Structures are given as structure tokens and as C-alpha cells.
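As a basis for the values below, the full set of heavy atoms in this structure was taken, side chains included, without hydrogen atoms, waters or symmetry mates. What you see is a predicted model; the values in this text were computed from it and never measured.
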Amino acid sequence: MAESENPMTAVAAELQRLNEMVISRQIDAGTAAGITQQLADMTALLKPLTPCTKLESLGVQNRISRFLETGAWPDPPPDGGQIEFDMASPIGGIANPCSVGASYFRDGDQVIGRVAVGRCFEGPPERVHGGIICAIFDEVMGSVFRATGTASAFTGELSVRFEAPAPILVDLEFRARLVGEAGRKRFLEGEAYSADGKFASATATFIEMRTEHFE
């Protein structure tokens with residue numbers, strides 16, 4: 001089943017819109033009571049269904065399962081193409097109802113992440129929460145290994161420098177690339193921009209995954 005065919009993607013998209021409405025509207029007591037009851041009814045509808053793990057819910061073959069089956073990491077997408085990431089991720093997952101909504105694209109050996117962060121992830125008024133910026137950097141950097149067709153890696157250390165406020169509800173761009181390696185360590189760096197210029201930069205150390213990590 002392709003990601004676009006997974007029934008959870010439509011559910012997640014609608015819940016993301018609902019979350020944004022709830023956080024950005026003045027809701028009176030009567031409306032709140034009605035919404036609460038409808039949500040309780042939906043919860044009751046879902047409760048009897050069979051519980052499942054994240055891997056079971058995806059219903060797709062992911063990058064790691066392909067590696068375990070073939071012994072080789074999948075080829076990278078074409079230059080300029082979108083990078084398939086974890087569809088259940090809270091940052092760029094299209095099947096996660098709490099997703100920030102980021103998308104990732106290959107640009108040679110680096111990755112471009114694009115997102116307009118909504119009010120659910122607002123920190124100071126009209127600004128993106130700093131923790132969300134860190135999480136986006138983490139996922140953009142993790143996508144570099146997909147862009148290069150090399151082994152996936154775990155985040156070992158991530159350092160973010162905030163240089164200016166990051167506005168919500170506008171297009172933001174994150175960039176990341178590999179800048180060095182030593183043994184299993186992979187060193188990356190990146191920057192983030194709004195229309196007003198650079199608002200953050202980051203460095204990170206990732207650790208290459210091994211087969212035993214998946215057992």
C-alpha cells in the first residue's frame with residue numbers, strides 16, 4: 001500500500017485541521033460542550049478496534065525493512081524529488097494527526113525541508129516554539145541519508161543556535177548536509193530561513209545504524 005493510499009492519511013489531515021481550529025478560535029461553553037461530545041463519540045467508535053504498534057499501523061514497507069530484506073539501502077530519490085520519510089512522524093508524518101506538516105526534498109547531496117508551522121506549535125506570540133525548530137532540524141538532518149542513499153543513522157547529539165524569531169503561518173526553509181565522518185559517526189550542519197533571512201543554525205552528530213539495532 002502506498003503512503004497516499006493509507007486510510008490514515010485522510011483522517012490525520014482532517015484532525016490536523018481540527019487541531020488548528022481549536023487552538024485558534026474563541027469557543028463558547030455551548031460549542032465546547034457539543035464538540036466534546038462529538039469527540040467522545042468518535043473515541044468510543046475507535047476504542048473497540050484492535051490495538052496495533054506503529055510498525056503494524058503503517059501498512060507499508062519502509063526503508064529499514066527493505067534494508068533487512070536486501071542488505072542494501074534504497075536508492076535516493078531523483079534530484080529535486082520529494083523524500084519519503086516516516087509517515088507516522090510528529091514532524092513530517094502524513095499519517096500523524098499531530099504532525100507539524102514538514103516536507104523534505106533532495107537538492108544534490110543536501111536536503112531542503114519546507115513547512116509553514118501552525119498555531120498548534122506556537123511558542124511566544126506569532127513565533128514558532130523553539131523545541132519544534134529543534135525537532136525539524138533533527139528530521140531534516142535525518143533525511144540527508146535518504147538523499148544520499150547511505151545507511152540511516154540515529155541522532156547522537158544536536159545543537160541549535162537561535163539567531164532570530166521564526167514566524168508562524170509562513171513558509172520556512174531548512175537546509176542540511178553531511179560535512180564529515182569518523183567511524184560510525186556522521187557530522188551534519190544546517191540552517192533555517194524565513195523571508196526575513198536566517199533565523200537558526202544547527203550542527204549534529206549521528207551514529208550509523210547496524211543490523212542488530214533492528215532486532
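- With hydrogens and angles disregarded, a donor-acceptor distance shorter than 3.5 Å links the side chain of R186 to the backbone of G183.
- Nearest approach of P167 to V170, heavy atoms of both residues: CG-CG2, 3.4 Å.
- Within the 4.5 Å cutoff, no side-chain heavy atoms of P76 are placed close to those of I83.
- Hydrophobic clustering (ILVMFWY, side-chain heavy atoms < 4.5 Å, transitive): V117 and M21 are in distinct clusters.
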Distance-only check: which donor-acceptor pairs under 3.5 Å involve side-chain atoms of residues 87-95, not counting sequence neighbours?
residue	atom	partner	partner atom	Å
S89	OG	I91	N	3.0
S89	OG	G92	N	3.3
S89	OG	E139	OE1	2.6
S89	OG	E139	OE2	3.0

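- If you take CZ on R106 and OG1 on T148, they are separated by 8.5 Å, rounding to the nearest 0.5 Å.
- Nearest heavy-atom pair, G156 versus I207, reported as atom, atom and distance to 0.1 Å: CA-CG1, 4.4 Å.
- Partners of E14 by salt bridge (Lys or Arg N to Asp or Glu O under 4.0 Å), not counting sequence neighbours, listed by chain and number: R17.
- Partners of R177 under the side chain to side chain donor-acceptor pair (under 3.5 Å) rule, at least two apart in sequence or in another chain, are Q110, E189, E191.
- In the hydrophobic clustering of this structure, L169 does not group with I23; members are Ile, Leu, Val, Met, Phe, Trp, Tyr whose side-chain heavy atoms approach within less than 4.5 Å, directly or through other members.
- In the hydrophobic clustering, Y193 connects to no other residue, as no ILVMFWY side-chain heavy atoms lie under 4.5 Å from its own.
- The closest side-chain heavy-atom distance from V115 to V100 is below 4.5 Å.
- Shown here are the ring pair (Phe, Tyr, Trp, His ring centres under 6.0 Å) partners of F174, two or more places apart in sequence or in another chain: F137, F199.
- Closest non-hydrogen pair, G108 versus D79, comes out as N-OD1, 2.6 Å.
- Applying the side-chain contact (heavy atoms from CB on, under 4.5 Å) test to T31 and every residue at least two apart in sequence or in another chain returns I27, D28, I35.
- The closest donor-acceptor contact from the side chain of R184 to the backbone of E208 lies under 3.5 Å.
- Residues forming a side-chain contact (heavy atoms from CB on, under 4.5 Å) with Q38 (at least two apart in sequence, or on another chain): none.
- For the ring-ring contact (aromatic ring centres under 6.0 Å, His included) condition, the pairs that include at least one residue of residues 88-133, sequence neighbours left out, are F85-Y104.
- Going from atom CD of Q37 over to atom CG of L39 covers 9.5 Å, rounded to the nearest 0.5 Å.
- Checked against side-chain contact (heavy atoms from CB on, under 4.5 Å), T155 has the following partners two or more places apart in sequence or in another chain: D138, L158, F206.
- The line from CE of M42 to CG of L15 is 8.0 Å long, rounded to the nearest 0.5 Å.
- Residues V140 and R175 approach most closely at CG1-C, 4.3 Å, considering heavy atoms.
- Contacts of P165 classified as side-chain contact (heavy atoms from CB on, under 4.5 Å), with partners at least two apart in sequence or in another chain: R127.
- Taking 4.0 Å as the cut-off between side-chain N and carboxylate O, R146 and E84 do not count as a salt-bridged pair.
- At least one side-chain heavy atom of E122 sits under 4.5 Å from a side-chain heavy atom of E126.
- Q16 approaches P97 most closely through the heavy-atom pair CG-O, 3.2 Å.
- Taking all atoms of both residues into account, the shortest heavy-atom contact from V160 to C134 is CG2-SG, 3.8 Å.
- Counting only heavy atoms from C-beta outward, the side chains of I133 and L172 never approach each other to under 4.5 Å.
- Applying the side chain to side chain donor-acceptor pair (under 3.5 Å) rule to T205 yields no partners; only residues at least two apart in sequence or on another chain are considered.
- For S201, the side chain to side chain donor-acceptor pair (under 3.5 Å) criterion is met by E163, not counting sequence neighbours.
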- Taking it one step at a time, do F145 and L188 satisfy side-chain contact (heavy atoms from CB on, under 4.5 Å)? CA-CA 11 Å; F145 307 105; L188 297 98; 3.9 Å; yes
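- Here the OG-CD1 distance, from S194 to I168, works out to 13.0 Å after rounding to the nearest 0.5 Å.
- Atom CD of residue E157 and atom OG1 of residue T203 lie 7.0 Å apart, to the nearest 0.5 angstrom.
- C120 places a side-chain heavy atom less than 4.5 Å from the side chain of E20.
- Each of I112 and V179 belongs to its own hydrophobic cluster when Ile, Leu, Val, Met, Phe, Trp and Tyr are linked at side-chain heavy-atom distances under 4.5 angstrom.
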